[in-house]
Amino acid sequence: MTKRFHGRTALVTGAASGIGAATARMLALEGAAVFCADRNQQGTEAVVHEIRERLGSAETALLDVTDEAGWIALFARIRDSHGRLDILVNSAGISMAAATSDMEYSSWRQVLAVNLDGVFLGTKHAIRAMRDGGGSIVNVSSASGLKAAPGAAAYSASKAAVCMFGKAVAKECAGSGIPIRVNTVCPAGVKTPMWSSMPFFKDLVASLGSEDAAYLSLSESAPGSRFSEPEEIARAILFLASDEAAQITGLDLVIDGGYTL
Ligand code: NAI
């Protein structure tokens, strides 16, 4: 296998689970030293252990992405141990299903804080860390940032904001001669624990008998489309993070089997 990321240092948030974990595994397999950041310590340690056992180099970083002091400390740790950062993947995120008229303001704030403020804070400090040597930032938005998701307006709004934030920062960097690319992936449904934590999904699994049956039934509302595996999203993230995408910045890369068409 080609080691596209040999000698590179990467930081992945949301690395304890789902898309972040798949991305961390693949980056390590392709030669990167990967900092796996998440607020879930046990989950992150399990992923780091697995990477070290059979894939490559990884370190655990306990991080709440809404905590700027935590980001500052983590970037200082990376600078001290590895000299520089080449890749940031902002995958940490939360979803919350609620009718807008029933949603608590605190829940709205929580979704925006993790999904949008977290991406802002990571990007801000990554630019400071990468601005001399260059680098690549990949943010994980969602098809729900492009196509309205009724019953998840806060989530949809946060993800739409992530797309436009990425474009604005990409243009800002390109226009100022800062050699940092900023791109966004927009997956539709992906088979991850994000779904199993949602009450309506648990009910669906209980009534249909398995998670696979629940994923299938949700896909049926979008003909031709199916739920993605986390690795299918990770592969697109690695492409955007790699030198193969050297001329690509400010992109929303939709990964949805045609769902948003
Ligand atoms: P997941 O629930 O499997 O993983 C999310 C991770 O983020 C968890 O490990 C969680 O501990 C971490 N996290 C949550 N809040 C955090 C915080 N404040 N600080 C640090 N870590 C935090 O979910 P999944 O599916 O892997 O989600 C990854 C990204 O993909 C999210 O941004 C999500 O919105 C996005 N996405 C997911 C889709 C899906 O169908 N699963 C579809 C489209 C986008």
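All values below come from the heavy atoms of this structure, side chains included, with hydrogens, waters and symmetry mates left out.
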**OP:** Evaluate the side-chain proximity of F239 to I248: yes if any heavy-atom separation is below 4.5 Å, no if none is.
**Re:** yes
Heavy-atom closest pair (L11 atom, A37 atom, distance to 0.1 Å) is CD1-CB, 3.8 Å
Output for pair (L27 CG, S242 OG), nearest 0.5 Å, gives 10.0 Å
To the nearest 0.5 Å, atom CG of D203 lies from atom CZ of F200 at 9.5 Å
Test your reading of the model: is there a side-chain donor-acceptor pair from S136 to the backbone of I87, 3.5 Å cut-off? no
Requested in this report: Evaluate side chain to side chain contact (heavy atoms under 4.5 Å, CB included) for L63 paired with V65, printing each intermediate quantity in order.
Outcome: CA-CA 6 Å; L63 175 74; V65 296; 4.0 Å; yes
Considering only heavy atoms from C-beta outward, does the side chain of R4 approach that of D243 to under 4.5 Å?
no
| message | With a 4.0 Å cut-off on N to O distance, would you call E211 and K191 a salt bridge? | response | no
Checklist entry - Taking C-beta and beyond as the side chain, do H49 and E53 meet within less than 4.5 Å on heavy atoms? => result yes
| said: Has S176 got a side-chain atom pairing as donor or acceptor with I178's backbone, closer than 3.5 angstrom? | reply: no
request  = Consider only side-chain heavy atoms of I, L, V, M, F, W and Y, link residues closer than 4.5 Å, and tell whether V89 and I94 are in one cluster.
outcome  = no
Requested in this report: Begin from the C-alpha positions of L146 and Y259 and carry the test side chain to side chain contact (heavy atoms under 4.5 Å, CB included) through to its verdict.
Outcome: CA-CA 11 Å; L146 306 170; Y259 167 72; over 6 Å; no
Heavy-atom nearest pair, A28 first then I51, reads CB-CG2, 3.4 Å
Q.
Quick check against the 3.5 Å criterion: does D38 have a side-chain atom that pairs as donor or acceptor with the backbone of A15?
A. yes
Exercise. Do the non-hydrogen side-chain atoms of P193 and S17 ever get within less than 4.5 Å of each other?
Worked result: yes
P230 and T192 have their tightest heavy-atom pair at CG-CG2, 4.2 Å
Given the options V119, V111, L112, N115 meets side chain to side chain contact (heavy atoms under 4.5 Å, CB included) only with V111
task: Without swapping roles, check the side chain of R8 against the backbone of G31 for a donor-acceptor pair under 3.5 Å.
output: no
Within a strict 4.5 Å, meaning less than it, do heavy atoms of the F165 and V182 side chains meet? no
Counting distance only, does the side-chain N/O of D252 pair as donor-acceptor with the main-chain N or O of T184 below 3.5 Å? no
(request) Flag the pair T23 / S91 as yes when at least one side-chain heavy-atom distance between them is below 4.5 Å, and no otherwise. (result) no
W108 and A157 have their tightest heavy-atom pair at CH2-CB, 4.1 Å
Subject >> Side-chain donor or acceptor of K3 paired with backbone N/O of L29 under 3.5 Å >> reply: yes
Heavy atoms of other groups near K124 NZ, more than 12 under 6.0 Å:
yes
When rounded to the nearest 0.5 Å, the distance separating CG of D67 from CG of L121 is 8.5 Å
Residue pairs meeting salt bridge (charged side-chain N to carboxylate O under 4.0 Å, His left out), one or both in residues 100-114, sequence neighbours left out, come to R109-D117
Please say yes or no: joined through hydrophobic side-chain contacts below 4.5 Å, possibly via intermediate residues, are L261 and V185 part of one cluster? no
When every non-hydrogen atom of A236 is compared with those of I255, the smallest separation belongs to CB-CD1, 3.5 Å
Under 3.5 Å, is there a donor-acceptor pair between the side chain of T260 and the main chain of K147? no
Q) According to a 4.5 Å side-chain heavy-atom criterion applied to Ile, Leu, Val, Met, Phe, Trp and Tyr, with indirect links allowed, do W71 and L116 form part of one hydrophobic cluster? A) yes
Any donor-acceptor N/O pair, S156 side chain to S144 backbone, under 3.5 Å: yes
When rounded to the nearest 0.5 Å, the distance separating CD of E30 from NE2 of H6 is 13.0 Å
Closest heavy-atom pair, N40 versus T44, reported as atoms and distance to 0.1 Å, is O-OG1, 2.6 Å
Q. Are the side chain of R84 and the backbone N or O of D132 linked by a donor-acceptor pair below 3.5 Å?
A. no
OG1 of T9 to CG of D86, rounded to nearest 0.5 Å, is 5.5 Å
Output for pair (I233 CD1, C186 SG), nearest 0.5 Å, gives 10.0 Å
Query raised in the report: According to the interplanar angle, ranging from 0 to 90°, do the rings of Y215 and F201 count as parallel (below 30°), tilted (30 to 60°) or perpendicular (above 60°)?
Result: tilted
Problem set entry | same_hphob_cluster(M198, V140) at 4.5 Å side-chain heavy-atom cutoff | no
- Query: Does the pair R54/E50 count as a salt bridge with the N-to-O cut at 4.0 Å?
  - Reply: yes
Taking it one step at a time, do I127 and I180 satisfy side chain to side chain contact (heavy atoms under 4.5 Å, CB included)?
CA-CA 7 Å; I127 292 172; I180 299 174; 4.1 Å; yes
query: Does any non-hydrogen side-chain atom of L218 lie less than 4.5 Å from one of L204?
result: yes
Contact check, side chains of I137 and M130, non-hydrogen atoms, under 4.5 Å: yes
Requested in this report: Before giving the answer on side chain to side chain contact (heavy atoms under 4.5 Å, CB included), spell out for F5 and L238 the whole-Å C-alpha distance, their side-chain angles and the decisive distance to 0.1 Å.
Outcome: CA-CA 9 Å; F5 301 101; L238 261 68; 3.7 Å; yes
* Is a side-chain N or O of N183 found less than 3.5 angstrom from the main chain of G250, in a donor-acceptor match? -> yes
Q. In terms of hydrophobic clustering (I, L, V, M, F, W, Y; side-chain heavy atoms under 4.5 Å; direct or indirect links), are M194 and I19 co-clustered?
A. no
